[in-house]
Protein chains: 2
Amino acid sequence: MKNELIKLQEARDEFVTQWGIMGAQWGINRTMAQIHALLMTAPEVMSTDEVMEALEISRGNAHTNLKDLVSWGLIRIVTKKGERKEFFEAEKDVWEIFRRVARERKRREIEPALETLRNCKAASDEMESPEGKAFYEQMEQLEDFVSFASKMGDRVASMQHGKAIKLAMKFFS
Amino acid sequence: MKNELIKLQEARDEFVTQWGIMGAQWGINRTMAQIHALLMTAPEVMSTDEVMEALEISRGNAHTNLKDLVSWGLIRIVTKKGERKEFFEAEKDVWEIFRRVARERKRREIEPALETLRNCKAASDEMESPEGKAFYEQMEQLEDFVSFASKMGDRVASMQHGKAIKLAMKFFS
DNA sequence: ATCCTCTTTCAGTAAATACTGAAAGTTCAT
DNA sequence: ATGAACTTTCAGTATTTACTGAAAGAGGAT
């Protein structure tokens with residue numbers, strides 16, 4: 001029978017692969033999601049070269065995606081004393097991962113979308129034709145919903161894990 | 001000064017364009033999102049040919065994306081008596097749109113992800129090395145979180161708009 | 001100042017994804 | 001059975017997105 005290390009390696013590979021596929025479905029590039037999965041399941045910090053080797057990708061690719069992950073707040077740079085190289089370490093707490101993704105997506109995508117909706121609303125503000133009025137109302141409904149969702153996101157993202165759990169219990173009661 | 005119809009047309013175009021960009025960021029193809037935006041703001045049902053013309057896309061493209069939108073439950077086919085052609089009409093209620101997207105993404109993406117996490121968990125179930133144990137715990141945390149989120153989604157998606165509003169009020173209290 | 005180690009950029013290329021248009025398929029009226 | 005009106009499919013192509021690898025940059029140590 002296979003020894004534990006090999007089985008672990010296989011399970012980890014499956015996780016990395018699937019996390020990559022899932023990321024892609026949600027608009028995150030595959031490599032970025034894979035690196036994230038790799039680091040989430042890494043027992044130790046990893047260097048750029050280690051990531052390159054583990055995923056068989058080029059230095060440029062590894063570098064770009066590592067830096068993107070840092071900008072999303074999903075991994076952080078760690079330096080070892082005596083070494084000049086940078087190492088990377090993932091946030092492993094699931095709730096914290098969720099909060100950071102929520103915060104970033106809000107900032108990068110929800111806010112601009114709201115901006116557009118407000119513009120469209122403003123542009124159709126005083127229209128008198130039925131079509132104009134209908135358009136205005138549709139934009140308003142969308143804006144209300146998105147801004148509501150955005151506030152929800154804020155609220156949740158600012159909660160501590162424990163508080164969120166409690167709230168969830170209440171929710172399911 | 002421009003007349004209302006032209007201004008409305010422009011506002012609608014902006015909405016269609018931006019909705020397309022937003023869709024792309026969330027892993028939905030641009031054209032599909034644009035057709036959705038177009039139909040959401042259409043005063044009347046539209047035929048495939050009208051969609052083709054409005055977005056300047058080919059028949060094949062229009063057809064494929066219209067059918068995809070139908071499969072997501074975001075638009076429906078309408079037939080006019082006496083006409084053989086199919087027309088399309090979008091769900092315009094924002095809450096209903098949200099529910100349908102939530103339901104579909106759950107079915108298409110969350111469930112398979114959970115499956116993977118369970119496999120990875122099972123594969124590392126009885127490992128004894130610290131690495132194996134850590135991996136198992138990480139998978140478990142992720143599975144718990146995702147399955148929790150999935151249940152939340154179900155719950156919310158099964159709610160009526162009014163009930164959701166009430167819950168939200170409670171949430172913000 | 002030169003070399004060494006590591007990071008960053010980016011032009012060129014590969015891969016993935018989306019789109020076109022024409023042909024084939026379907027359905028129904030005559 | 002033929003044809004008109006429409007829908008569906010799909011091979012080929014275009015566009016977008018992601019990746020590579022090499023060169024340039026940055027920051028010490030000697």
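When reading the values below, keep in mind they use all heavy atoms of this one structure, side chains included, and skip hydrogens, waters and symmetry mates. This one's a predicted model, so the numbers in the text were calculated from it and none came from an experiment. Chain letters run A, B, ... following the sequence lines, proteins first, then strands; residues in each count from 1.
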Could you give the [atom1]-to-[atom2] distance, from [X] to [N], as a whole number of Å?
X: Met32(A); N: dA18(D); atom1: CE; atom2: C1'; answer: 13 Å
X: Glu83(B); N: dC6(D); atom1: CD; atom2: C1'; answer: 11 Å
X: Lys80(B); N: dC6(D); atom1: NZ; atom2: C1'; answer: 15 Å
X: His63(A); N: dA23(D); atom1: NE2; atom2: P; answer: 18 Å
X: Ile77(B); N: dT7(D); atom1: CD1; atom2: C1'; answer: 10 Å
X: Ile28(A); N: dA18(D); atom1: CD1; atom2: P; answer: 11 Å
X: Asn29(B); N: dT15(D); atom1: CG; atom2: P; answer: 16 Å

_Test log, rule salt bridge (charged side-chain N to carboxylate O under 4.0 Å, His left out), inputs Glu96(A) and Arg99(A)_ = CA-CA 5 Å; Glu96(A) 193 57 33; Arg99(A) 298 195 338 159; 3.3 Å; yes
*Which comes earlier along DNA chain D counting from the 5' end, the contact point of Gly60(A) or that of Asn61(B), where each point is its nearest nucleotide?*
Asn61(B)
_Residue whose closest nucleotide on DNA chain D lies nearer the 5' end, Ala62(A) versus Lys85(B)_ = Lys85(B)
Take the angle between the ring planes of [X] and [Y] and call it parallel below 30°, perpendicular above 60°, tilted in between.
X: Phe135(B); Y: Phe15(A); answer: perpendicular
X: His161(B); Y: Trp95(B); answer: parallel
X: Phe145(B); Y: Phe98(A); answer: tilted

*asked:* Quick check for you: name the first and last nucleotides of DNA chain C, 5' to 3', having an atom under 4.0 Å from a heavy atom of chain B.
replied: dA18(C) to dC28(C)
*Between dT7(D), dA5(D), dA18(D), spot the one nearest the side chain of Lys67(B), thanks.*
dT7(D)
*Nearest to the side chain of Arg84(A), which nucleotide is it out of dT7(D), dG27(D), dA18(D)?*
dG27(D)
_Under 4.0 Å between a side-chain nitrogen and a carboxylate oxygen: does that hold for Lys67(B) and Glu86(B)?_
yes
_Classify Asn65(A) by what it touches in the nucleic acid, base, sugar-phosphate, or nothing, heavy-atom distance under 4.0 Å._
sugar-phosphate
*Is Tyr136(B) reachable from Leu114(B) through a run of hydrophobic residues whose side-chain heavy atoms are each under 4.5 Å from the next?*
no
_Using heavy-atom distances to pick each residue's nearest nucleotide on DNA chain C, tell me which of Ile57(B) and Phe87(A) is more 5'._
Phe87(A)
*Stepwise salt bridge (charged side-chain N to carboxylate O under 4.0 Å, His left out) test for Arg107(A) and Glu104(A)*: CA-CA 5 Å; Arg107(A) 196 173 65 72; Glu104(A) 283 303 308; 2.9 Å; yes
